[in-house]
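Structure first, then comments.
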There are 2 protein chains.
Amino acid sequence: MASDTDHPAGATRPAPSDGEFAAGLRIAILRLARRLRVERGDESLTLSQLSALASLEQLGSCSPTELAEAERVQPPSMTRVIAALEAHGYAVRAPHERDRRQAVIAITAEGRRVLDETRRLRNAWIAQALGELSAKELAQLAAAIPVLARLAER
Amino acid sequence: MASDTDHPAGATRPAPSDGEFAAGLRIAILRLARRLRVERGDESLTLSQLSALASLEQLGSCSPTELAEAERVQPPSMTRVIAALEAHGYAVRAPHERDRRQAVIAITAEGRRVLDETRRLRNAWIAQALGELSAKELAQLAAAIPVLARLAER
DNA sequence: TATTGTTATACTCTATAACTATA
DNA sequence: TATAGTTATAGAGTATAACAATA
């Protein structure tokens, strides 16, 4: 892929070999994920729960399976996340109208509140870190976020 | 999005609010980390072990504490990683010459070989995913990697 | 007493396999 | 039989607290 060539005059060039490129990305992601997992606010929502709650807010009411698919995890993993959200009162479960095998999950008002509040609290670390980046670095990061998201979707 | 455009010359500010920016980054990192953790080669090195072995190669001989610091984990976590690397024959432990409290860890030839091989194997998924990105997206990603790395160092 | 490292323990996150209830 | 979901179980990854050996 791409490695070779191109971008003669092209500015940024991803020069390094595919292997180095991928290795660098892999390590950077691993380490950042470690940091983000640890730097959690105190609202008692873990990173996975927060992510699922955010997906739930976006999707609106949905089934556990749909939520699992949105988060790209297996259903049993989502079962536990939903149970935690329910226990906190951030999500509710209702029976599906016609198909009694299915459950319908929805975010609660309290869930929305916590989502907003946690976003603020939890971003403290990242905001501070971002603050130490140059404008150029910030722009580079901003440009890369959608690319990272696309990569994660594959 | 690719919209970019951005910052003609001045390059200031990555438009979205800090909160959205941070939230987007957080979620993208979480999901990519999930994928990378799962898509491991078959050399039986886990992502954390691979990362530690790469640091060990870079640092040369060092103490467990130094390696833990390089990886930004606590010493007890590194103890387990080192034990796994040792069990596989990818690292060796020797007593420190003067201070008998310390241990000196070093990568073995076999460790180097596995590191190279695993890098290739393990990058299969990511290389394929990268292959579907445009040259522009690749360049954006490449530009962001050192920024992500800096962020993780904080 | 201070430092280096390990052991004991626990929690998060995730998976696969097997099971239940419903269709 | 097929589908939606849960329970049981396991393993990776990490942390804190308590301990041992050495300085």
Side-chain angles (χ1 to χ4, degrees), chain A residues 26-27 29-41 43-53 55 61-88 91 93-105 152, chain B residues 26-27 29-41 43-53 55 61-69 71-88 91 93-105 122 152:
Chain A
R26 202 169 1 86
I27 288 175
I29 297 296
L30 167 66
R31 294 187 183 169
L32 244 186
R34 263 181 200 150
R35 294 304 299 262
L36 291 176
R37 201 169 283 286
V38 169
E39 304 291 338
R40 44 201 264 213
E43 275 291 345
S44 78
L45 266 185
T46 68
L47 186 53
S48 294
Q49 288 161 12
L50 177 65
S51 180
L53 193 56
S55 283
S61 294
C62 66
S63 72
T65 295
E66 284 168 338
L67 197 50
E69 281 167 359
E71 286 289 305
R72 308 272 160 153
V73 297
Q74 294 301 309
S77 302
M78 190 48 66
T79 291
R80 301 189 63 181
V81 173
I82 292 171
L85 293 177
E86 238 191 318
H88 280 98
R93 168 194 310 265
H96 187 281
E97 291 193 354
R98 310 190 203 150
D99 186 341
R100 292 193 305 187
R101 291 172 304 181
Q102 286 189 48
V104 177
I105 316 298
Chain B
R26 204 170 359 88
I27 289 175
I29 298 295
L30 168 65
R31 294 187 181 170
L32 242 187
R34 262 182 200 151
R35 296 302 300 262
L36 291 174
R37 202 168 282 284
V38 169
E39 304 289 339
R40 44 201 266 211
E43 276 291 346
S44 78
L45 267 184
T46 68
L47 186 53
S48 295
Q49 288 161 13
L50 178 64
S51 180
L53 192 57
S55 282
S61 294
C62 65
S63 73
T65 295
E66 284 168 338
L67 197 50
E69 282 168 358
E71 286 289 305
R72 308 274 159 151
V73 297
Q74 294 302 307
S77 303
M78 190 47 66
T79 290
R80 300 186 64 179
V81 173
I82 292 171
L85 293 177
E86 239 191 317
H88 281 98
R93 168 194 310 266
H96 188 280
E97 291 193 355
R98 311 191 203 148
D99 185 341
R100 291 193 306 188
R101 292 173 303 182
Q102 288 190 48
V104 177
I105 315 297
R122 231 191 217 177

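Order of the sequence lines fixes the chain letters, A, B, ..., with proteins taken first and strands second; residue numbering starts at 1 for each chain. Small disclaimer: the values here were computed from a predicted structure and weren't measured.
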Between A/E71 and A/S55: side-chain donor-acceptor atoms closer than 3.5 Å: yes
Identify the two heavy atoms, one from B/M78 and one from B/P64, that lie closest to each other, and give their separation to 0.1 Å. CG-O, 3.8 Å
Between A/S48 and C/dT14, does any side-chain N or O lie under 4.0 Å from OP1 or OP2? yes
Please report, rounded to the nearest Å, how far the C1' atom of D/dA20 is from the CD atom of B/Q102. 16 Å
Among D/dA15, D/dG5, C/dT16, the one nearest B/V73 by side-chain distance: D/dA15
Think B/S77 has a side-chain N or O under 4.0 angstrom from the OP1 or OP2 of D/dG13? no
Do any side-chain nitrogens or oxygens of B/T79 fall under 4.0 Å of OP1 or OP2 in C/dT6? yes
Record whether the side chain of B/R101 comes under 3.5 Å of the base of C/dT3 through a donor-acceptor pair of N or O atoms. yes
Heavy atoms only: give me the nearest A/H96-A/V104 pair and the separation to one decimal. CA-CG2, 3.9 Å
Between A/Q102 and A/D99, is there a donor-acceptor pair closer than 3.5 Å when you use the side chain of the first and the backbone of the second? no
Considering just the side-chain nitrogens and oxygens of A/R100, establish if one lies under 4.0 Å of OP1 or OP2 belonging to C/dA21. no
In whole angstroms, the gap separating C1' of D/dA23 from CD of B/E97 amounts to 17 Å
Closest-nucleotide ordering on DNA chain D, the 5'-leading residue of A/A103 and A/L30: A/A103
Integer-rounded Å distance: D/dT3 P and A/E69 CD: 13 Å
Rounding to an integer number of Å, can you tell me how far A/Q49 CD sits from C/dT14 P? 10 Å
Looking only at side-chain N and O atoms, does B/T46 come under 4.0 Å of OP1 or OP2 in D/dG13? yes
Steps toward side-chain contact (heavy atoms from CB on, under 4.5 Å) verdict (A/E66, A/I105): CA-CA 10 Å; A/E66 284 168 338; A/I105 316 298; over 6 Å; no
Could you state the CD-P distance from A/Q74 to D/dA4, rounded to the nearest angstrom? 14 Å
Mind calculating the distance between CZ (B/R35) and P (D/dA12) to the nearest angstrom? 20 Å
B/L50 has an atom CG; how far is it from atom P of D/dA12, in whole Å? 15 Å
Any B/T65 side-chain N or O less than 4.0 Å from OP1/OP2 of C/dT3: no
Nearest to the side chain of B/R93, which nucleotide is it out of C/dC13, C/dT7, C/dG5? C/dG5
Residue mapping more 5' on DNA chain C - nearest nucleotide basis, A/P75 or B/S63: B/S63
Just to be sure I understand the rule, does A/P64 reach a base, reach only the sugar-phosphate, or reach nothing, if contact means heavy atoms closer than 4.0 Å? sugar-phosphate
The test is side-chain contact (heavy atoms from CB on, under 4.5 Å); show your working for B/L67 and B/I82 and say whether it passes. CA-CA 9 Å; B/L67 197 50; B/I82 292 171; 4.2 Å; yes
Distance below 4.0 Å between A/R80 side-chain N/O and C/dC11 OP1 or OP2: no
Quick one: B/L67 CG to C/dG5 C1', roughly how many Å, whole number? 13 Å
